[in-house]
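The model shown is predicted, which means the values in this text are computed figures rather than measured ones.
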Amino acid sequence: MIYKEKELEMEGVLQTARQMCTAARTAPKARGLDFIHTAVVTGEDLKNLADETERLGKEQGQDFYVRDADNLRKSQAVVLIGVTY
């Protein structure tokens with residue numbers, strides 16, 4: 001079997017993203033309370049995230065959102081970490 005460079009690279013990116021999510025989920029929490037949620041965004045969903053980030057940046061006059069949208073477009077994956085209470 002032949003493994004192509006881009007396939008191997010994406011596999012590595014996703015493996016790293018999984019490890020980041022695992023680290024966030026298994027890290028010690030204050031008072032043992034766990035409100036952390038993680039997700040990995042790739043492909044078309046990543047493009048949509050970049051488009052929405054750019055739209056919000058232009059709408060709100062926040063140039064750093066537009067810059068960040070460009071960075072998202074150059075990324076293969078994004079790890080999202082959030083909390084709920």
Side chain proximity check, [X] to [Y], heavy atoms < 4.5 angstrom:
| X | Y | result |
| --- | --- | --- |
| Asn71 | Asp68 | yes |
| Leu80 | Thr38 | no |
| Val40 | Met20 | no |
| Gln76 | Thr42 | no |

Over all atoms of both residues, closest heavy-atom pair of Ala50 and Ala69
O-CB, 3.3 Å

For residues Val66 and Glu54, report the shortest heavy-atom separation together with the two atoms involved.
CG2-O, 4.1 Å

Return yes if some donor-acceptor pair links the side-chain N/O of Arg25 with the main-chain N/O of Ile36 below 3.5 Å, else return no.
yes

Looking at Lys6 and Lys4, would you say the former's side chain and the latter's main chain have a donor-acceptor pair under 3.5 Å?
no

What distance separates [X] [atom1] from [Y] [atom2], expressed to the nearest 0.5 Å?
| X | Y | atom1 | atom2 | result |
| --- | --- | --- | --- | --- |
| Leu14 | Glu9 | CG | CD | 11.0 Å |
| Gln15 | Leu8 | CD | CG | 11.5 Å |
| Leu72 | Glu52 | CG | CD | 11.5 Å |
| Thr53 | Gln62 | OG1 | CD | 12.5 Å |

Is it true that, when you exclude Lys58 itself, more than 12 heavy atoms of the residues, nucleotides or ligands shown sit nearer than 6.0 Å to its NZ?
no

Is it true that atom OH of Tyr3 has more than 12 heavy atoms of other residues, nucleotides or ligands lying nearer than 6.0 Å?
no

Going through the distances and angles, do Gln60 and Tyr65 end up as a side-chain contact (heavy atoms from CB on, under 4.5 Å)?
CA-CA 9 Å; Gln60 298 176 10; Tyr65 279 125; 3.9 Å; yes

I'd like to know if Asp51 pairs up with Arg55 as an ion pair, taking the criterion as any Lys NZ or Arg NE/NH1/NH2 lying under 4.0 Å from an Asp or Glu carboxylate oxygen.
no

State whether Asp63 and Arg67 are salt-bridged, where the test is any N-O pair (Lys NZ or Arg NE/NH1/NH2 against Asp/Glu carboxylate O) under 4.0 Å.
no

Decide whether Ile81 and Leu33 are clustered together by the hydrophobic rule: side chain heavy atoms of Ile, Leu, Val, Met, Phe, Trp, Tyr closer than 4.5 Å, transitively.
yes

Val13/Thr16 under side-chain contact (heavy atoms from CB on, under 4.5 Å): CA gap, chis, key distance, verdict
CA-CA 5 Å; Val13 167; Thr16 301; 5.9 Å; no

